[in-house]
**Student:** 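Handing you a structure now.
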Amino acid sequence: MTRPHVLLSVAVSVDGYIDDRGAQRFPLSNAEDFDHVDRARAESDAILVGAATIRRDDPRLLVRHADRRAARVAAGRSEHPLKVTVTGSGDLDRTRAFWQAGDKLVYTAERGHRRAVAAVGDLAEVVSLGPSVDFGTLLDDLGARGVDRLMVEGGGTLHTAFLAAGLADEIRMAVAPMLIGQAAAPRFVNPAEFPGGPARRFHLEDVTKLGDVAVLRYFPKR
């Protein structure tokens, strides 16, 4: 069984935050970067976000550009990638845009399975990963479903889990030219024990300038 290639996609401020403390999503990216992300989505088989990200940001996670959707269909693929979320508790809000289009898949733990099925069982397949959410098992299941490329769009808890477990193959980091400066605002990753610790350096593959945003492409395993 082959696990999918895991791409972590994130936009951060210069001081490392992914949002401010406001009720609405803070716009870090620009139009050029949004289009770049849309291309990455179109190249993916599945897109993963946490349940907290669905509640806070209300993402649609669809391919926006019509030509890219048409190219996927012409290649025998679905119009949009499979949309995947993870929840240990099963706390899901079915009114969010995530559930409105495309194929959906929910991973949960045993304790949250019944609640997740009750919430969105008519909108998505719900899979229990056992006593706890194990991301290696999650990748094994996606690989068995034919997912070759997984794009993880957050939030910080998911990014931290994949990096701490050594499961991320690639990081796409868009750095926005601004400072958030709020100690309680969310960051790209949370404190954790990462493989190799602070002495381990990632391989920087390339840097792309998109307007005033710099997109860094890292390969953590190389």
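The basis for the numbers below is simple: all heavy atoms, side chains too, and nothing from hydrogens, waters or symmetry mates.
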**Student:** Is Arg114 atom CZ crowded by more than 12 heavy atoms from other residues, nucleotides or ligands, each under 6.0 Å away?
**Tutor:** no

**Student:** Whether the side chain of Arg96 engages the backbone of Pro59 through a donor-acceptor N/O pair (distance < 3.5 Å, no angle test) should be reported.
**Tutor:** no

**Student:** Distance under 6.0 Å and angle within 45° of the ring axis: does Arg21 meet both against Phe26?
**Tutor:** no

**Student:** If you count every heavy atom of other residues, nucleotides or ligands that lies below 6.0 Å from Arg60 atom CZ, does the total exceed 12?
**Tutor:** no

**Student:** Give the minimum heavy-atom separation between Gly88 and Thr108, together with the two atoms involved.
**Tutor:** O-OG1, 3.6 Å

**Student:** Does NZ or CZ of Lys104 come closer than 6.0 Å to the centre of the six-membered ring of Phe98, within 45° of the ring's axis?
**Tutor:** no

**Student:** Using side-chain hydrogen bond (donor to acceptor under 3.5 Å, both in side chains) as the criterion, list what pairs up with Asp35, not counting sequence neighbours.
**Tutor:** Arg68

**Student:** I'd like to know whether CG of Asp103 has more than 12 heavy-atom contacts from other residues, nucleotides or ligands below 6.0 angstrom.
**Tutor:** no

**Student:** Side-chain donor-acceptor pairs under 3.5 Å in residues 169-176, sequence neighbours left out?
**Tutor:**
residue : atom : partner : partner atom : Å
Asp169  : OD1  : Lys221  : NZ           : 3.1
Asp169  : OD2  : Val6    : N            : 2.8
Glu170  : OE1  : His5    : NE2          : 2.9
Glu170  : OE2  : Arg217  : NE           : 2.7
Arg172  : NE   : His36   : ND1          : 3.2
Arg172  : NH1  : Asp33   : OD1          : 3.3
Arg172  : NH2  : Asp33   : OD1          : 2.4
Arg172  : NH2  : His36   : ND1          : 2.9

**Student:** Do Ile47 and Val84 have side-chain heavy atoms sitting under 4.5 Å apart?
**Tutor:** no

**Student:** Do the side-chain N and O atoms of Asp91 and Ser89 include a donor-acceptor pair separated by under 3.5 angstrom?
**Tutor:** no

**Student:** In chain order, what residues pass the side-chain hydrogen bond (donor to acceptor under 3.5 Å, both in side chains) check against Arg145, with sequence neighbours excluded?
**Tutor:** Glu125, Asp141

**Student:** May I have the step-by-step check of salt bridge (charged side-chain N to carboxylate O under 4.0 Å, His left out) for Arg25 and Asp57, ending in yes or no?
**Tutor:** CA-CA 6 Å; Arg25 180 71 174 172; Asp57 299 340; 3.4 Å; yes

